Novice: 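Take a look at this one; I'll ask things after.
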There are 2 protein chains.
Amino acid sequence: MEAKQFEKISRALSDAHRIEILQAFKNRKECLPCTEVHDFIDLAQPSISHHLKQLVDADLLLPEKEGRNIRYRLNEQVLDNYIRFIQSFKTNL
Amino acid sequence: MEAKQFEKISRALSDAHRIEILQAFKNRKECLPCTEVHDFIDLAQPSISHHLKQLVDADLLLPEKEGRNIRYRLNEQVLDNYIRFIQSFKTNL
DNA sequence: TAAAAACATCGAAATATTTAAATAAATCTA
DNA sequence: TAGATTTATTTAAATATTTCGATGTTTTTA
């Protein structure tokens with residue numbers, strides 16, 4: 001992973017609402033449509049759309065269009081690469 | 001680790017200069033005084049001071065006063081906690 | 001086809017971040 | 001002790017982020 005991508009992912013992770021969105025995946029196993037995010041996050045629809053875009057742009061969420069909904073999947077591979085980048089900060093590997 | 005601390009660490013990691021500072025620890029094994037940071041990062045002294053403060057406030061760097069220098073040590077334990085928090089996003093642990 | 005539903009985009013306001021010049025504080029050294 | 005060195009703080013400007021209302025687009029459904 002490049003430093004630029006690491007920076008972008010870190011920025012995507014640096015917001016309480018976006019963290020909440022990512023944590024929602026823990027409970028609901030698979031995908032998650034935008035409307036459901038609206039159910040547990042107290043923000044206007046454009047704001048949620050904005051946050052989801054940040055997460056997608058950082059490649060943390062993979063959007064899948066399904067009719068008029070968009071379902072998001074967590075990109076666990078990117079999470080692994082992100083973790084590996086952090087591990088590389090350590091002196092003794 | 002609390003979500004608030006995770007948010008703060010993520011924000012600290014979301015800047016190219018701060019990433020560069022953390023990567024410098026890889027090469028120089030142990031500690032790192034502020035002046036040396038100035039050697040490889042092209043920023044004014046107050047800016048470097050500001051970035052180091054962000055990293056210290058996020059608990060990623062541990063400052064140790066040594067005469068008129070301050071040596072910083074990487075806090076690997078916090079890195080581990082941070083990584084554990086990310087792991088918890090995943091559905092199948 | 002008209003209305004509804006889901007999501008995106010634009011524009012603007014409020015707030016936060018980044019940066020550096022000027023200055024201050026602490027400590028070392030001659 | 002005077003001057004030099006290292007780091008912090010203050011202030012201000014430039015830029016970025018967060019948020020929402022209004023509006024647009026796409027797709028479903030009545």
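As a basis for the values below, the full set of heavy atoms in this structure was taken, side chains included, without hydrogen atoms, waters or symmetry mates. All chains are named by letter (A, B, ...) in the order of the sequence lines, taking the proteins before the strands, and each is independently numbered beginning at 1. Since we're looking at a predicted model, the values are computed, not measured.
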Novice: Tell me: CZ of B:Arg11 to C1' of D:dT18, nearest whole Å?
Specialist: 10 Å

Novice: Compare the minimum distances between each of D:dT19, D:dT27, C:dC7 and the side chain of A:Leu43, then state the nucleotide with the smallest one.
Specialist: D:dT19

Novice: Does the side chain of B:Asn69 get closer than 4.0 angstrom to OP1 or OP2 of D:dT7 through an N or O atom?
Specialist: yes

Novice: Taking only the side-chain nitrogens and oxygens of B:Thr35, find out if one of them lies under 4.0 Å from OP1 or OP2 of D:dT7.
Specialist: yes

Novice: Phosphate oxygens OP1/OP2 of C:dT18: is one of them under 4.0 Å from a side-chain N or O of B:Gln54?
Specialist: yes

Novice: Could you walk me through whether B:Tyr82 and A:Phe89 pass the ring-ring contact (aromatic ring centres under 6.0 Å, His included) test, one step at a time?
Specialist: CA-CA 13 Å; B:Tyr82 183 78; A:Phe89 289 152; 9.9 Å; no

Novice: Tell me whether B:Asn81 contacts the main-chain N or O of B:Met1 through its side chain, where contact means a donor paired with an acceptor under 3.5 Å.
Specialist: no

Novice: Is there a donor and acceptor pair closer than 3.5 Å between the side chain of A:Gln45 and the base of C:dA6?
Specialist: no

Novice: Just to confirm, is there a sub-4.0 Å distance from OP1 or OP2 of D:dC20 to any side-chain nitrogen or oxygen of A:His50?
Specialist: no

Novice: Are B:Asp80 and A:Lys90 within salt-bridge range, i.e. N to O under 4.0 Å?
Specialist: yes

Novice: Would you indicate, yes or no, if C:dT29 has its OP1 or OP2 atom less than 4.0 angstrom from a side-chain nitrogen or oxygen of B:Arg68?
Specialist: no

Novice: Measuring from the side chain of A:Ser47 (C-beta onward, heavy atoms only), which nucleotide among D:dT7, D:dC20, C:dT9 has the closest atom?
Specialist: D:dC20

Novice: What's the closest nucleotide to the A:His17 side chain, out of D:dA22, C:dC7, D:dT19?
Specialist: D:dT19

Novice: With a cut-off of less than 4.0 Å, is there a side-chain N or O of B:Ser49 near OP1 or OP2 of D:dA8?
Specialist: yes

